[in-house]
Amino acid sequence: MQYRDYDFKAIEKKWQDYWVKNKTFKATDFSDKPKYYVLDMFPYPSGAGLHVGHPEGYTATDIVCRFKRMNGFNVLHPMGWDAFGLPAEQYAVETGTHPSITTKKNIETFKKQIRSLGFSYDWDRELSTTDIEYYKWTQWIFIQLYRKGLAYLDEVPVNWCPALGTVLANEEVIDGKSERGGHDVIRKPMKQWMFKITEYAERLLEGLDKLDWPDGIKEMQRNWIGKSIGANVVFKVSDSLEKIEIYTTRPDTLFGATYMVLSPEHRLVRTITTDSYKNEVEAYIEKSSRMSDLDRTSLNKEKTGVFTGAYAVNPVNGKRIPVWIADYVLVSYGTGAIMAVPSHDERDFEFAKKFNIPVFCVIKPTEKQVEEKNIKIQDVLEGKLCWFGDGTGINSANSEGLDINGLGVNEAISRTIKWLENKGIGEGKTNYKLRDWLFSRQRYWGEPFPVVHMEDGSIKLLSENEIPLKLPQVDNFKPSGSGESPLANAGEWLEYIDPETGMKGRRETNTMPQWAGSCWYYLRFIDPLNKKAAWDPKKEKYWMPVDLYVGGAEHAVLHLLYSRFWHKVLFDLGLVSTDEPFLKLVNQGMILGLSYKDPRGALVPGDKIEIKDGKFYNRENGDELIEFPAKMSKSLKNVVNPDDVIKVYGADSMRLYEMFMGPLEATKPWNTLGVEGVFRFLKKSWRMICESEIKDFQLNRKQLSTLHQTIKKVTNDISTLNFNTAISALMIFINEFSKDNILSREAAETFIKLLSPLAPHIAEEMWEFLGHENGTIVYEKWPECKEEYLKEDEVEILVQISGKPKVRIMISSDSDEEATKAKALENSIIAELIKGKAIRKIICVKSRLVNIVI
RNA sequence: GCCCGGGUGGCGAAAUGGCAGACGCAACGGACUUAAAAUCCGUUAUCCCUUAUACGGAUGUGGGGGUUCGAGUCCCCCCCCGGGCACCA
């Protein structure tokens, strides 16, 4: 073959066409090879197209896939579209364009862009959550969950915006106002579909332990689930038959309870409030119901509350304590009521101080902690200071057999619970912060629920042969005005007549949230064309679980928790074979854009920058600016479009730069100048292969060592996803081997193979250039590192005197400790430096250093 | 406030407790060229000593302490940046 320039445009087109034509990356079901399932978080195909953040994770997974194929794995690497959702619907409201048209167009753009990067997806498995053949099975899964008793309708508050006449998603409400227009948003109760994810709280928590996920993400899920262990305790209401049950994690502080608090929504509030306090209580309830959650829970908010006039009896000591209502107690957690122990709970302490409620200390801090925290123990004992650290019980005994004085916190808790249980007035109780999952949206562009509201008020679940329930064509995508979804205007579509009983009904007009489609797409990829089932269980058993899942950390809780929940339900139903879907999870870091900030720290958009003498100025007011990485955004004009990079440098350079910037997980700033460097490296590689004389000859010791060190480094680094250092190893190799204009075939072929997962187009072309005329490098065997070549005859070691580096000497690489020491001591410079000094000791690290301590 | 990340040259970054700054960018100098691009070679942490870019010495991984023959790496305290959670009793 004739030498040509590195014409990346022609090369990349040629091989992308070749891969598509030959279905090079087709994953075969039931191959004898070990399977490896690599999944990217599939994108929402927006109108803006890809930005440089998308290809980061996709490049990483692509490299792993190609590496695994060369190591003999049968790789499943699919791509699809999470295409239901708000932007297409909002565009429809504004322009009247049907969301399916927008979606189709955006998918085409995304697909073209993704293909231009040469990713090795099996495109035969492509899917979109909006395909009727896909959402049929999303509805089918809903049916399974419903039948298992995990779906229910409940009247819960939604974000209702009267000015816009619509319901908003949480994400569209910013500081209690609508994102668009800044109108007030209130909480309005509406019938909503809920999932009992709380039934799976414990298993979702336990399951985390065995997952190979970033600790941060696991911790976020743990916090979200929010398990706490404590007790429910029943307090009698004084002069009444009513009882108030409270939840506490600190039953050991029961003797310190000086008041109680009910949340304003607690069902007993009106019952127990005495006549003289009615007006105040009603006013308070009314006031807090109008407040948004944000207002109620915002920081630094001073505590508020009112007394109900009622008293309760503390069951451990019979003391009468006042019952208050306050919005710092949430109705949705625990029992919606607490016992307040101001002496040992900061919130209660704050409240008690404000309303002059007594503080009664029941835990004496340990000496050690008093010292550490630098507090006066007397202040705690007198109730002047709130103490929530360790300590021992005081003032905590009654005549009915409970005595926890002198006990530590843990022991006191278990004793108290035992006592409460014996008396029948309380029990050990575990609570979770996790709430049931609100699953319906008042939207058009989502999966319709396979549900009908019948005339008689009953709810009918469609049967499996009544799905797919197709989303109807409508002309008007505007909200219905009643707070219902645009589907409420869908006319005939709404009407339903039961085929068996003839009873009339109206279809559910809510649609499912965007999470629905992404909850199970990894399962459909296994068997995307199956018409009879969501997936074939045999294929599921072969491919699952996902071995590597890569995506952004913004899905840490929601998507990843929801899909784990569905997966566990499917597992319980015997529909999948593993109880966790994603074995290993990696979050790629955010890529920031180059931005500029002025002396006041304000960011200045990219089009207002003027560069003079290597310094940056604001064109408008002459302020000197400093370069500063910031999140890419339209307004800052710092968004980098991959297409532009590919046009100038090619897809291989784009891929390489994305990986060379730094560790995959790190947040890092994009700098287009950096692409120049990897582009040069590829050009250099190209010249080394295509301009050198390639011959078969035996490499010398030094070259063999470099070659095998490179194999070892690249192999390890790709396995551990440290692509940046793998690339630098290949650069070192090139710097070494491109010095000569004659190259051994062995070195050349090994290099191309090592490069091929990272920069596949150029690798294919060079592979072909070397005479592999028909075929692809994709399934060539990955080079093997032979340890015996790594060893060099001589190694350089450092000789230090008292830890200070002095000289470097060459020694035979198999010198033992004694020989190494002797060599070091006989060196003339060392001998001079230690002359006349006593050697205290000598530390010797084999093949590394000798440290002579004097 | 709490929980995770992170802080290393002008910049992106490397470093199983063992020579800090590999690799790359930028900058500077040189070669090639009529010239430019491309390419190649070299220099590039700070300070001191010095006729000096030699030789030599000291300092240096956010700050302060500690462990160790030896610390970017381990331990304690503090500061700053990014992300998440936020009255969950």
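Lettering of chains follows the sequences in order, A, B, ..., and the numbering in each one begins at 1.
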Grab the [atom1]-[atom2] distance between [X] and [N] for me, whole Å please.
X	N	atom1	atom2	result
A/N722	B/A22	CG	P	18 Å
A/M339	B/C87	CE	P	20 Å
A/R848	B/A15	CZ	P	13 Å
A/I734	B/A22	CD1	C1'	17 Å
A/N716	B/A14	CG	P	16 Å
A/K806	B/G18	NZ	P	21 Å
A/L560	B/G84	CG	P	15 Å
A/K227	B/A89	NZ	P	13 Å

What distance, rounded to whole Å, do you find between the two [atom1] atoms, one in [N] and one in [M]?
N	M	atom1	result
B/C74	B/G17	C1'	8 Å
B/C48	B/C40	P	37 Å
B/G18	B/U73	P	11 Å
B/A22	B/C4	P	34 Å
B/A31	B/C47	C1'	34 Å
B/G72	B/U67	P	16 Å
B/A27	B/G10	C1'	8 Å
B/A35	B/A54	P	33 Å

Out of [options], which nucleotide sits closest to the side chain of [X]?
X	options	result
A/P805	B/A20, B/G84, B/A13	B/A20
A/S728	B/A20, B/A26, B/C23	B/C23
A/R680	B/C25, B/C23, B/A89	B/C25
A/W224	B/G24, B/C85, B/G18	B/C85
A/S228	B/G24, B/A89, B/G18	B/A89
A/L849	B/G24, B/A20, B/G18	B/G18
A/V329	B/A89, B/A26, B/G24	B/A89
A/K303	B/C69, B/U39, B/C87	B/C87
A/L798	B/C40, B/C19, B/G18	B/C19
A/R808	B/C69, B/C87, B/C19	B/C19

**Asked** Sequence neighbours excluded, which residues qualify as ring pair (Phe, Tyr, Trp, His ring centres under 6.0 Å) partners of A/F737?
**Response** A/F733
**Asked** Is it the case that more than 12 heavy atoms not belonging to A/K647 sit under 6.0 Å from its NZ atom?
**Response** no
**Prompt:** Should B/G9 be called syn or anti, with syn set as within 90° of 0?
**Reply:** syn
**Prompt:** A/Y259 and A/F351: aromatic ring centres closer than 6.0 Å?
**Reply:** yes
Name the nucleic acid region contacted by [X], choosing base, sugar-phosphate or nothing; use a 4.0 angstrom heavy-atom cut-off, strictly under.
X	answer
A/P663	sugar-phosphate
A/N431	nothing
A/E796	base
A/E346	nothing
A/N671	nothing
A/K668	sugar-phosphate
A/L673	sugar-phosphate

Protein and nucleotides 2-10 of chain B: nitrogen or oxygen contacts under 3.5 angstrom:
none

**Item:** Geometric cation-pi criterion A/K683 and A/Y6, 6.0 Å radius, 45° cone
**Value:** no
**Prompt:** So, is A/Y328 close to the B/A89 phosphate, meaning a side-chain N or O under 4.0 Å from OP1 or OP2?
**Reply:** no
**Request:** Would you indicate, yes or no, if B/A22 has its OP1 or OP2 atom less than 4.0 angstrom from a side-chain nitrogen or oxygen of A/N735?
**Result:** no
**Euclidean distance, A/D5 CG relative to A/W686 CH2, rounded to 0.5 Å** = 9.0 Å
**Complete:** The reported gap from OH in A/Y247 to NZ in A/K429 (rounded to nearest 0.5 angstrom) is 8.5 Å
**Request:** Tell me, please, which residues at least two apart from A/D740 pass salt bridge (charged side-chain N to carboxylate O under 4.0 Å, His left out).
**Result:** none
**Prompt:** Could one point to a donor on the side chain of A/E676 or the base of B/G24 with an acceptor on the other under 3.5 Å away?
**Reply:** no
**Request:** List for me each residue that meets side-chain contact (heavy atoms from CB on, under 4.5 Å) alongside A/S738, sequence neighbours excluded, and say none if there are none.
**Result:** A/K684, A/M688, A/I734
**Request:** Identify the residue among A/N722, A/T725, A/N724 that makes a side chain to side chain donor-acceptor pair (under 3.5 Å) with A/D717.
**Result:** A/T725
**Message:** Test your reading of the model: is there a side-chain donor-acceptor pair from A/R840 to the backbone of A/V853, 3.5 Å cut-off?
**Reply:** no
**Message:** Main chain of A/L664, side chain of A/K668: is a donor-acceptor contact present, judged purely on distance under 3.5 Å?
**Reply:** yes
**Message:** Could you write out RNA chain B as dot-bracket? Rules: Watson-Crick or G-U wobble, both distances under 3.5 Å, brackets [ ] for crossings, | for pairs with another strand, dot for unpaired.
**Reply:** (((((((..(((.....[....))).(((((.......))))).((((.......))))..(((((..]....))))))))))))....
What are the atom names and distances for every N/O pair under 3.5 Å that joins the protein to nucleotides 47-50 of chain B?
none

